[in-house]
Amino acid sequence: MCTAFRIISAVILLTYAGTAFTAQGQQTEIRPELLVQGQAVLNRAVNIPSKDRTGEIVDLMVDPATGHIGFVLLSFSGFMGLVEKNVIAPIPWARVEFEPKQKTFVARGIGSDEGGDIVEYDEDKWQVFDEAELASLYESYALPNHAQETRKAYSEVAGTDKAAGERLSMLQLTRLINTPVMSRKGALLGYVDKLYLDLTGGLIRLVDVRSPGDRLEQPAHLVPYPLLDYEWGVGRFTLDVSRKDQARIEDFPVHAGMYVQAKTMRQIYRNMGLTEYLRVGG
């Protein structure tokens, strides 16, 4: 089962990368051909040529307010897989590219004067990055604060001042899985089952929400991420359909699978009047 999962993941990532990137990792188009399930990115190798190191993705750090992917979290192994030390290195998503021939991710510019050096955390420190830590990380890697820029663009599209209303923080992508999804009136609509990533734009675009009850038997519905508001204090999402009080999970298309076609994503966004959000990212 594990081997089959890794093979399928590699095929998905290879298909995606072949359409979205050149051999040098430059984007050839803003829109992806596929959205990749977040779990398919985990355990993938990331080479850092300038440091002669290879790490394994243990998680992604995302801004739950916008779905912005800020950092990949890497662990490193020594000789024959022995752990060198219990540390996690957050590498900016903006520095990471996918190389289709090697089927691996590569982090460029790390260790140079312009790119900053690897920042390492104790393994118990990477649960959440707050605003100050994010600013420090971006500065360490000599990058603008992409999370802040995405938050601003997201707020402009939404017509709200979300950037000012909520502190900028990030948590692990995997912590969003199984998060409850509530209606505006407090009814439980379901649970987050899968998160689908636009690796070109660096955003979560769609979420599979599985209806409550016997969850393995219930269908999962594709919900656009902009309709989900994350509540930090209680660790749950609220679903806001066209900003109405009543939301029915059954109003969204049923879905099951490892990836989503981009044309499906765009159609769902159009149906919900969310096309402006497709211009955020990239």
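Since the structure is predicted, the reported quantities are computational estimates derived from the model, not experimental observations.
Looking only at side-chain heavy atoms (C-beta outward), L134 and M170 come within less than 4.5 Å of each other. Side chains of I91 and I48 form a contact here, defined as non-hydrogen atoms less than 4.5 Å apart. Two residues are said to be in side-chain contact when any heavy atoms from C-beta on lie closer than 4.5 Å; I69 and L173 fail this criterion. Between V181 and V192, the closest side-chain pair of non-hydrogen atoms falls below 4.5 Å. R279 is not listed as a side-chain neighbour of V157, based on a closest heavy-atom distance of 4.5 Å or more. Using a 4.5 Å cut-off on side-chain heavy atoms (C-beta onward), L222 and I268 make contact.
Remark: L188 engages P180, M182, Y191, P212 in a side chain to side chain contact (heavy atoms under 4.5 Å, CB included) (not counting sequence neighbours). Residues passing the side-chain hydrogen bond (donor to acceptor under 3.5 Å, both in side chains) test with T174, sequence neighbours excluded: D59. Under the salt bridge (charged side-chain N to carboxylate O under 4.0 Å, His left out) criterion, E231 pairs with R236, sequence neighbours left out. With sequence neighbours excluded, no residue satisfies side-chain hydrogen bond (donor to acceptor under 3.5 Å, both in side chains) with H221. Under the rule for a side-chain hydrogen bond (donor to acceptor under 3.5 Å, both in side chains), E156 has no partner lying at least two apart in sequence or in another chain. Partners of E139 under the side chain to side chain contact (heavy atoms under 4.5 Å, CB included) rule, at least two apart in sequence or in another chain, do not exist in this structure. Residues meeting the side chain to side chain contact (heavy atoms under 4.5 Å, CB included) test with V46, sequence neighbours left out: I57, L74, F105, A107. Listed by chain and number, the residues in a side chain to side chain contact (heavy atoms under 4.5 Å, CB included) with A187 are S183 (sequence neighbours excluded). Contacts of F252 classified as ring pair (Phe, Tyr, Trp, His ring centres under 6.0 Å), with partners at least two apart in sequence or in another chain: none. Taking the salt bridge (charged side-chain N to carboxylate O under 4.0 Å, His left out) definition, one finds that E149 meets it with nothing, sequence neighbours left out. For D130, there are no side-chain hydrogen bond (donor to acceptor under 3.5 Å, both in side chains) partners, not counting sequence neighbours.
Figure legend: R53 and F76 shown as a cation-pi pair, the cationic atom lying under 6.0 angstrom from the six-membered ring centre and within 45 degrees of its axis.
With hydrogens and angles disregarded, no donor-acceptor distance shorter than 3.5 Å links the side chain of Y196 to the backbone of M265. A donor-acceptor contact shorter than 3.5 Å links the side chain of R95 to the backbone of Y141. Between the side chain of Y269 and the main chain of T264, no donor-acceptor pair closer than 3.5 Å is present. Side-chain atoms of S136 never come within 3.5 Å of backbone atoms of E133 as a donor-acceptor pair (strictly under, hydrogens ignored).
Separating the CD atom in Q148 from the OG1 atom in T66 is a distance of 12.0 Å, to the nearest 0.5 Å. Note that the CG atom of L206 and the CG atom of L195 stand 10.0 Å from one another [nearest 0.5 Å].
For the pair E97 and R108, the salt-bridge criterion is met [side-chain N within less than 4.0 Å of a carboxylate O].
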Check your understanding: Yes or no on ring pair (Phe, Tyr, Trp, His ring centres under 6.0 Å) for Y154 and Y277, after CA distance, side-chain angles and deciding distance?
Key -> CA-CA 7 Å; Y154 206 86; Y277 286 95; 5.1 Å; yes
Practice item. Determine, stepwise, if the pair R210 / I249 fulfils side-chain contact (heavy atoms from CB on, under 4.5 Å). Key: CA-CA 9 Å; R210 191 171 295 280; I249 203 69; over 6 Å; no
Practice item. Under the side-chain contact (heavy atoms from CB on, under 4.5 Å) rule, what do L176 and F237 come out as? Steps first, then yes or no, please. Key: CA-CA 9 Å; L176 296 179; F237 285 107; 4.0 Å; yes
Practice item. Quick one: do Y259 and V36 satisfy side-chain contact (heavy atoms from CB on, under 4.5 Å)? Show the steps, please. Key: CA-CA 5 Å; Y259 63 91; V36 179; 5.6 Å; no
Practice item. Evaluate the criterion side chain to side chain donor-acceptor pair (under 3.5 Å) for residue pair T238 and D229; output intermediate values, then yes/no. Key: CA-CA 5 Å; T238 300; D229 292 331; over 6 Å; no
**Study point:** Check against side-chain contact (heavy atoms from CB on, under 4.5 Å), L34 and V260
**Key:** CA-CA 6 Å; L34 291 175; V260 178; over 6 Å; no
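Sorted by first and then second residue, the salt bridge (Lys or Arg N to Asp or Glu O under 4.0 Å) pairs with a member in residues 63-74 read D63-R151; sequence neighbours excluded.
Under the 30°/60° scheme for interplanar angles, the aromatic rings of F71 and Y138 are found to be tilted.
In terms of heavy-atom proximity, D193 sits nearest to Q39 at O-NE2, 3.8 Å.
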